Colleague: 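Sharing a structure below in structure tokens format, with a few things to ask.
All of these numbers come straight from a predicted model, not from anything done at the bench. In the text below, chain A, chain B and the rest are named by the order of the sequence lines, each starting its count at 1. In what follows, every heavy atom counts, from backbone to side chain, and hydrogens, waters and symmetry copies are set aside.
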There are 2 protein chains.
Amino acid sequence: MARHDEIRAEMMRRINAGEWPVNRDIPSEVELGVEFGVARGTIQRALSSLVAQGLIERRRRAGSRVVPRTAHASRLSIPLIREEIEDRGFAYGYRLLDRAVVGGPVPHLRLCCLHIADGQPFQLERRVISLTALPQAEAQPFDMSGPNEWLVREVPASRVTTRISAEAADPDSAAMLALPPGAPLLVVARQTFLADAPLTRVRLLHPAESYAVTTESF
Amino acid sequence: MARHDEIRAEMMRRINAGEWPVNRDIPSEVELGVEFGVARGTIQRALSSLVAQGLIERRRRAGSRVVPRTAHASRLSIPLIREEIEDRGFAYGYRLLDRAVVGGPVPHLRLCCLHIADGQPFQLERRVISLTALPQAEAQPFDMSGPNEWLVREVPASRVTTRISAEAADPDSAAMLALPPGAPLLVVARQTFLADAPLTRVRLLHPAESYAVTTESF
DNA sequence: TAGTGGTCTAGACCACTCG
DNA sequence: GAGTGGTCTAGACCACTAA
């Protein structure tokens with residue numbers, strides 16, 4: 001364990017124990033350096049990671065303060081569906097249900113795919129790929145494997161937005177997922193951009209009982 | 001903009017543009033330091049933040065590699081419900097529906113609260129608070145404001161796990177949320193620990209159409 | 001204006017692991 | 001054994017802002 005990690009741990013202990021109360025100034029970098037017997041850079045590193053965790057705020061000249069614990073931020077990771085299924089020990093299956101090129105002013109490729117775990121529908125993927133940004137997508141059949149794997153391999157992305165919500169299954173989607181209409185779905189909607197140009201937009205629909213997004217902090 | 005930020009931006013550009021292909025070694029810190037005309041520490045700092053973003057992996061002696069874009073990690077933040085509602089321009093309301101102390105080997109406080117936006121049920125909060133870890137919770141009525149605000153003010157946490165899922169509303173919850181039974185709900189389940197001791201566990205139930213969790217990366 | 005944090009440097013030592 | 005990343009230091013300069 002690095003020294004700055006030990007120092008950060010001790011700082012977190014002080015915050016949690018109330019020795020560094022909320023909204024009160026904590027000692028300056030120089031003072032902390034003397035106390036812990038390390039260079040200022042090491043203190044800076046420990047404090048920076050506390051800032052990244054959202055535990056403290058720092059302003060030049062004004063000093064550092066413990067932030068009230070309003071929101072809590074944590075890391076969210078959504079893996080590839082094939083790995084997700086195989087990690088659970090299920091056999092992965094894939095079917096392309098629909099593929100259409102839509103012309104007009106903003107031509108795009110519309111796909112509807114089903115990802116299957118041990119024969120059970122696991123995820124319905126409704127995707128739109130911009131043919132302006134990714135004309136090479138039109139040449140891909142996507143009949144044997146999902147567009148996600150191709151996109152990951154082929155296309156870099158600079159920005160991704162994700163929205164997680166619940167919905168009642170519309171009759172169409174319900175049929176594809178072998179669920180009764182109105183069944184609850186967990187929906188992950190994602191948009192991907194490269195330098196502000198939209199690349200692809202996808203809605204991933206999961207039967208409620210089979211999927212959840214988890215995250216852990218600190 | 002700091003030099004290490006510029007360098008990190010340039011590195012991200014190279015990764016996205018494919019100039020640093022996936023699974024190939026990228027130049028060493030020393031080489032990059034020469035190229036960018038900065039000290040090794042500055043390169044180290046830029047590369048470290050790429051590691052934190054999950055874009056590259058580094059191993060001593062083995063060098064640094066661009067990680068295949070399988071999963072994508074981003075920051076998830078779940079705000080306080082009162083702010084969530086007021087940010088949308090709604091009037092916030094609160095009602096305590098149930099409060100019970102449960103004895104036994106692991107005594108705890110069980111709460112059921114309703115958070116209201118403009119008169120409409122917005123979130124049903126089902127919470128359990130450990131009276132072993134937080135005996136002072138028993139003295140709190142929680143009749144005027146939710147336990148979340150008290151916990152945030154009073155109690156530090158060291159670890160938080162979150163699980164987001166969809167569910168069909170059970171008859172009990174449906175009634176409290178003024179929904180038909182079986183209606184789709186977005187459920188955020190959170191557990192909070194202090195040094196591995198469980199503090200509180202909560203299930204936040206939202207009508208599907210009124211709530212979603214969003215996140216943005218990079 | 002003085003004190004604080006933000007950054008960068010040049011150098012050093014260590015831990016790891018590949019050949 | 002040698003080359004890589006991980007860490008720490010002592011010092012420096014700058015940007016910001018409260019007094």
Side-chain angles (χ1 to χ4, degrees), chain A residues 1-15 19-70 73 75 218, chain B residues 1-15 19-70 73 75 218:
Chain A
M1 197 183 209
R3 189 82 181 98
H4 74 260
D5 277 324
E6 294 174 12
I7 292 173
R8 179 168 52 82
E10 166 61 14
M11 289 171 170
M12 285 177 64
R13 191 196 64 73
R14 291 183 187 183
I15 293 171
E19 296 175 23
W20 284 355
V22 170
N23 282 329
R24 298 282 296 273
D25 279 10
I26 65 180
S28 75
E29 294 185 349
V30 180
E31 291 170 312
L32 290 168
V34 172
E35 183 200 331
F36 287 102
V38 297
R40 184 168 79 101
T42 307
I43 296 294
Q44 162 86 20
R45 189 158 176 181
L47 288 173
S48 296
S49 77
L50 293 182
V51 170
Q53 287 185 18
L55 288 179
I56 65 172
E57 272 180 356
R58 325 191 66 201
R59 287 213 317 272
R60 287 171 160 114
R61 168 69 193 180
S64 307
R65 301 182 316 119
V66 177
V67 164
R69 274 191 152 273
T70 56
R75 218 163 172 69
F218 297 32
Chain B
M1 195 182 210
R3 190 79 182 100
H4 74 261
D5 276 324
E6 295 175 9
I7 292 173
R8 179 168 51 81
E10 167 62 14
M11 289 172 170
M12 285 175 63
R13 192 196 62 73
R14 292 184 186 182
I15 292 171
E19 296 175 24
W20 285 355
V22 170
N23 282 327
R24 299 281 297 272
D25 280 11
I26 66 179
S28 74
E29 293 185 351
V30 180
E31 291 170 312
L32 290 168
V34 172
E35 182 199 332
F36 287 101
V38 297
R40 203 191 110 193
T42 306
I43 297 295
Q44 162 86 20
R45 191 160 175 181
L47 288 173
S48 296
S49 75
L50 292 182
V51 170
Q53 286 186 20
L55 287 180
I56 65 172
E57 273 179 357
R58 323 191 68 201
R59 288 213 316 273
R60 287 173 160 112
R61 169 68 192 175
S64 307
R65 302 180 315 118
V66 176
V67 166
R69 271 191 153 273
T70 55
R75 224 165 167 70
F218 296 33

Colleague: Starting from C1' on C:dG6, measure out to CD on A:E57 and report it in whole angstrom.
Modeller: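 So the two atoms are 16 Å apart, to the nearest Å.
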Colleague: Among D:dA18, C:dC18, D:dA10, find the nucleotide with the atom closest to the side chain of A:A39.
Modeller: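 Taking heavy atoms from C-beta onward, the closest nucleotide is D:dA10.
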Colleague: Which residue, A:A2 or B:G63, contacts DNA chain D at a nucleotide closer to its 5' end, judged by nearest heavy atom?
Modeller: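 This one resolves to B:G63.
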Colleague: Using whole Å, what does the distance between atom P of nucleotide C:dG5 and atom CZ of A:R65 come to?
Modeller: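 Rounding to the nearest Å, CZ of A:R65 and P of C:dG5 are 13 Å apart.
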Colleague: Quick one: which of C:dC18, C:dT4, C:dG6 gets closest to the side chain of A:R58?
Modeller: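 Selected nucleotide (nearest to the side chain): C:dG6.
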Colleague: Round to the nearest Å and state the distance from B:D25 atom CG to D:dG3 atom P.
Modeller: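 The answer, rounded to whole Å, is 15 Å.
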Colleague: Considering only heavy atoms from C-beta outward, does the side chain of B:D25 approach that of B:R65 to under 4.5 Å?
Modeller: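 Side-chain contact under 4.5 Å: yes.
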Colleague: Expressed in angstrom and rounded to an integer, what is the separation of A:I43 atom CD1 from D:dA10 atom C1'?
Modeller: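 Checked: the CD1 to C1' distance equals 15 Å.
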Colleague: Taking atom CD of A:E19 and atom CZ of A:R13, what is their separation to the nearest 0.5 Å?
Modeller: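 Rounded to the nearest 0.5 Å, the CD-CZ separation comes to 4.0 Å.
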Colleague: Is there a side-chain contact between A:E29 and A:R58 (heavy atoms, below 4.5 Å)?
Modeller: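 Result yes, sub-4.5 Å side-chain heavy-atom pair found.
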Colleague: Under 4.0 Å, heavy atoms only, any strand: does B:V38 hit a base, just the sugar-phosphate, or nothing?
Modeller: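 Here B:V38 touches the backbone only, sparing every base.
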Colleague: Considering the options A:I7, A:I26, A:T42, which one meets the side chain to side chain contact (heavy atoms under 4.5 Å, CB included) requirement together with A:L47?
Modeller: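 Single side chain to side chain contact (heavy atoms under 4.5 Å, CB included) partner of A:L47 among A:I7, A:I26, A:T42: A:I26.
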Colleague: Choosing from C:dC8, D:dC8, C:dG5, which nucleotide comes nearest the side chain of A:E29?
Modeller: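 Within the option list, the nearest is C:dG5.
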Colleague: In whole angstrom, what separates A:F36's CZ from D:dT9's P?
Modeller: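 Taking CZ of A:F36 and P of D:dT9, I get 13 Å after rounding.
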Colleague: Should we say atom CZ of A:R14 is surrounded by more than 12 heavy atoms from elsewhere, each under 6.0 Å from it?
Modeller: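 It does: A:R14 CZ has more than 12 such atoms within range.
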Colleague: Check every strand shown and say whether A:R40 touches a base, only sugar-phosphate, or nothing at a heavy-atom separation below 4.0 Å.
Modeller: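 It contacts base atoms.
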Colleague: Testing the basics here: between A:I56 and A:I15, what is the closest heavy-atom pair and its distance to 0.1 Å?
Modeller: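 Heavy-atom minimum between the residues: CG2-CD1, 4.0 Å.
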Colleague: Measure the distance from CE on B:M1 to P on C:dT7 and round it to the nearest whole Å.
Modeller: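 In whole Å, C:dT7 P and B:M1 CE are 11 Å from each other.
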Colleague: Contact class for A:G41 (heavy atom, under 4.0 Å): base, sugar-phosphate, or nothing?
Modeller: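 It contacts nothing in the nucleic acid.
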Colleague: Considering only D:dT4, C:dT4, C:dG5, which nucleotide approaches the side chain of A:R61 most closely?
Modeller: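 Selected nucleotide (nearest to the side chain): C:dT4.
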Colleague: What I want to check is whether an N or O donor and acceptor connect the side chain of B:R60 with the base of D:dT7 at under 3.5 Å.
Modeller: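 It does not, because no donor-acceptor pair links the side chain of B:R60 to the base of D:dT7 below 3.5 Å.
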Colleague: Below the 4.0 Å mark, does C:dG5 have OP1 or OP2 next to a side-chain nitrogen or oxygen of A:S64?
Modeller: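 Answer is yes, contact under 4.0 Å.
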Colleague: To the nearest Å, how far apart are B:L32 CG and D:dT4 C1'?
Modeller: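 The answer, rounded to whole Å, is 13 Å.
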Colleague: At 4.0 Å (heavy atoms only), tell me whether B:S48 reaches a base, stays on the sugar-phosphate, or touches nothing.
Modeller: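 No contact.
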Colleague: Under 4.0 Å between a side-chain N or O of A:T42 and OP1 or OP2 of D:dT9?
Modeller: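 Result: yes.
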Colleague: Is the shortest side-chain N/O distance from B:Q44 to OP1 or OP2 of D:dG5 below 4.0 Å?
Modeller: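 No.
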Colleague: Would you indicate which nucleotide in C:dC8, D:dT4, D:dA18 comes nearest to any side-chain atom of B:R45?
Modeller: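 For the B:R45 side chain, the nearest candidate turns out to be C:dC8.
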Colleague: Tell me the interatomic distance from B:D5, atom CG, to C:dC8, atom C1', rounded to whole angstroms.
Modeller: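 B:D5 atom CG is separated from C:dC8 atom C1' by 13 Å.
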